[in-house]
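Report on the following structure.
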Amino acid sequence: MALGSMSYSEARTCATELGNSATNMDNLIAQLRGEMDTLEDVLRSNGASELYATYKTLDAKLNGFPEKVRAFKGFLETAVAQYEADDAALSREV
């Protein structure tokens, strides 16, 4: 059986890839933070201060992005498991 036009194994692979993407996002965000935290040491100007202040307002939201991806990964895994269980139950009833 399939989930739409996607097989269960394809959906599981997509979920795994989502998890990998979330980990990559974590790494990229950590890199960005490292770079931005050194910005004040390198640049001293009104523009640099404004850029850093704007970044700090966005920084508070950055962790939410990989977490949303992980949440969707979990949803997809749960949906696949439920669809498989439903299919198995229907097959037994026939």
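If you're wondering where the values come from, they're calculated on a predicted model, not measured in any experiment.
- By the ring pair (Phe, Tyr, Trp, His ring centres under 6.0 Å) test, F65 pairs with no residue at all, sequence neighbours left out.
- Under the 4.5 Å side-chain contact rule for hydrophobic residues, L28 and Y55 do not share a cluster.
- Counting all heavy atoms, side chain and backbone alike, M25 lies closest to P66 at CE-N, 3.8 Å.
- Of all non-hydrogen atoms in V69 and L18, the two that sit nearest each other are CG1-O, 3.3 Å.
- Pairing each heavy atom of K73 with each of T16, the nearest pair is CE-CA, 4.4 Å.
- Residues T23 and R70 are in side-chain contact: their nearest non-hydrogen atoms beyond the backbone lie under 4.5 Å apart.
- Distance check: E67 CD to L62 CG gives 12.5 Å after rounding to the nearest 0.5 Å.
- In this structure, CG in N63 is found 7.5 Å from CG in D26, a value given to the nearest 0.5 Å.
- Put simply, CG on D37 and CG on L32 are 9.0 Å apart, with the number rounded to the nearest 0.5 Å.
- Looking at N27 and Q31, their side chains never come closer than 4.5 Å, going by heavy atoms from C-beta outward.
- Residue N20 holds its CG atom at 7.5 Å from CD of E17, rounded to the nearest 0.5 Å.
- For the pair T38 and E35, the tightest heavy-atom approach, listed with the atom from each and the gap, is OG1-O, 2.8 Å.
- Summarising the local packing, CD of E10 is surrounded by more than 12 heavy atoms from other residues, nucleotides or ligands at distances under 6.0 Å.
- Nearest heavy-atom pair, A11 versus L76, reported as atom, atom and distance to 0.1 Å: O-CD2, 3.6 Å.
- Under the 3.5 Å distance criterion, with hydrogens and angles disregarded, a donor-acceptor pair is assigned to the side chains of D86 and Q82.
- The shortest distance between side-chain heavy atoms of L58 and M36 does not fall below 4.5 Å.
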